[in-house]
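To find a chain, count down the sequence lines: A is the first, B the second, and so on, and within it residues start at 1. Computation of the quantities below employed the complete heavy-atom set of this structure, encompassing side-chain atoms and omitting hydrogens, waters and symmetry-equivalent molecules. Remember, it's a predicted structure, so these values are computed and weren't measured experimentally.
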There are 2 protein chains.
Amino acid sequence: MSTPRHRTAPEHTHPDDVPVLTALAALADPVRLTLVRELAGSPEWSRACGTFDVPVGKAGLSHHFAVLRAAGLVEQRDEGPRRVNRLRRTEFDARFPGLLELVLRAGS
Amino acid sequence: MSTPRHRTAPEHTHPDDVPVLTALAALADPVRLTLVRELAGSPEWSRACGTFDVPVGKAGLSHHFAVLRAAGLVEQRDEGPRRVNRLRRTEFDARFPGLLELVLRAGS
DNA sequence: CCTACTGTTCAACGAAAATCGAACACTCGC
DNA sequence: GCGAGTGTTCGATTTTCGTTGAACAGTAGG
């Protein structure tokens, strides 16, 4: 009877519908920046949420991925028990040209 | 004896010494984004701090300009009783290519 | 000198965001 | 069906950040 909370398709926001402030705020966090960078260095759909080396618990991690989804930065798909991720490189680049490349390149 | 708090040259940080996170965080605020945009549409050194149309008091404004300075986005100079501003376009662009252009162009 | 004006500093408040622990839901392999 | 593994949700706490009002410092003009 009760609505299932998990296993319902994750809500995605297309980069085209993302305000600049949302995109900047999403990237202006050390944990999320790490996620994006680590994701950029891995093949698409190869990394589940739990496979990232960040100093936060599962709850926090889930929250950060929700923010990244809402910012149009990450796409998720359910693959068995795990949720695998993909960086929306081209789509995000079309909306904010150079931004992704910038945060990936900049050393510190 | 006590150190004067005002009229001491404002502390500036060169864009080259600014971490990406600092730059992003500085731009990820509606008030500061307005300041940067309004500043970009005005000739250099033409705008004093008080001449910006933002919904915050003097204290808040002073704080936001301090953040922008620390992010290497704005340079300030004392001109009589007022403090005039300049957007560090080229210098900031050299450190973060495309970022400024991006936030200035993006409509929302 | 006294006043008006501009901007900074301080202390305090409030709101937003990150974080954590626990409970829950789902999938898969045994 | 059980149990392990994965991720989400909730509630509560903590921290961070923006905001304000008042006091202060400096400048310019009458």
Chemist: Each nucleotide in nucleotides 11-16 of chain C should get exactly one letter: B, S or -. Can you fill that in based on protein heavy atoms under 4.0 Å?
Modeler: ------
Chemist: Show me the donor-acceptor pairs within less than 3.5 Å that the side chains of residues 50-61 of chain B make with the rest of the protein, sequence neighbours left out.
Modeler:
| from | atom 1 | to | atom 2 | distance (Å) |
| --- | --- | --- | --- | --- |
| Thr51(B) | OG1 | Arg47(B) | NE | 3.1 |
| Thr51(B) | OG1 | Ala48(B) | O | 2.7 |

Chemist: Would you jot down, in residue-number order, the residues of residues 48-63 of chain A having a non-hydrogen atom under 4.0 Å from DNA chain C?
Modeler: Val56(A), Gly57(A), Ala59(A), His63(A)
Chemist: To the nearest Å, give me how far apart CG (Asn85(A)) and C1' (dT6(D)) are.
Modeler: 12 Å
Chemist: OP1 or OP2 of dG5(D) less than 4.0 angstrom from a side-chain nitrogen or oxygen of Arg82(A), does that happen here?
Modeler: no
Chemist: In whole angstrom, give the distance that lies between atom CZ of Phe65(B) and atom P of dT19(D).
Modeler: 13 Å
Chemist: Give the nucleotide from the list dA28(D), dT8(D), dA18(C) with an atom nearest to the side chain of His64(A).
Modeler: dA18(C)
Chemist: Which heavy atom of Ala70(B) sits nearest a heavy atom of Thr22(B), and at what distance?
Modeler: O-CG2, 4.3 Å
Chemist: Can you tell me how far C1' of dT9(C) sits from CZ of Arg83(B), to the nearest Å?
Modeler: 12 Å
Chemist: Expressed as a whole number of angstroms, how long is the span from Arg77(B):CZ to dT27(D):P?
Modeler: 16 Å
Chemist: Take atom CG of Leu21(B) and atom C1' of dT16(D), then tell me their distance rounded to the nearest Å.
Modeler: 14 Å
Chemist: Nearest-Å distance, CZ (Arg47(A)) to P (dG7(D))?
Modeler: 11 Å
Chemist: Considering only heavy atoms, which members of residues 26-39 of chain B lie under 4.0 Å from some atom of DNA chain C?
Modeler: none
Chemist: Considering residues at least two apart in sequence or located in another chain, which fulfil the side chain to side chain contact (heavy atoms under 4.5 Å, CB included) criterion with Val67(B)?
Modeler: Ala26(B), Arg32(B), His63(B)
Chemist: Per the ring-ring contact (aromatic ring centres under 6.0 Å, His included) rule, what does the pair list look like for residues 66-93 of chain B, sequence neighbours excluded?
Modeler: Phe92(B)-Phe96(B)
Chemist: Applying side chain to side chain contact (heavy atoms under 4.5 Å, CB included), can you list everything that pairs with Arg86(B), at least two apart in sequence or on another chain?
Modeler: Glu44(B), Trp45(B), Glu75(B), Arg88(B), Glu91(B)
Chemist: side-chain contact (heavy atoms from CB on, under 4.5 Å) for Leu35(A) and Val74(A)? Distances and angles first, verdict last.
Modeler: CA-CA 10 Å; Leu35(A) 294 178; Val74(A) 163; over 6 Å; no
Chemist: Using the salt bridge (charged side-chain N to carboxylate O under 4.0 Å, His left out) rule, collect all pairs that involve residues 95-108 of chain A, keeping only residues at least two apart or in two chains.
Modeler: Glu101(A)-Arg105(A)
Chemist: For Ser62(B), what residues pass the side chain to side chain contact (heavy atoms under 4.5 Å, CB included) criterion, not counting sequence neighbours?
Modeler: none
Chemist: Side chains of residues 12-20 of chain B: which donor-acceptor pairs under 3.5 Å do they make with residues two or more places apart or in other chains?
Modeler:
| from | atom 1 | to | atom 2 | distance (Å) |
| --- | --- | --- | --- | --- |
| His12(B) | ND1 | Pro10(B) | O | 3.3 |
| His12(B) | NE2 | Gln76(B) | N | 2.8 |
| His14(B) | ND1 | Asp16(B) | N | 3.0 |

Chemist: If we only count heavy atoms from C-beta on, is the Val84(A) to Ser46(A) side-chain gap below 4.5 Å?
Modeler: no
Chemist: Sequence neighbours excluded, which residues qualify as side chain to side chain contact (heavy atoms under 4.5 Å, CB included) partners of Leu104(A)?
Modeler: Val36(A), Arg37(A), Ala40(A), Arg89(A), Leu100(A)
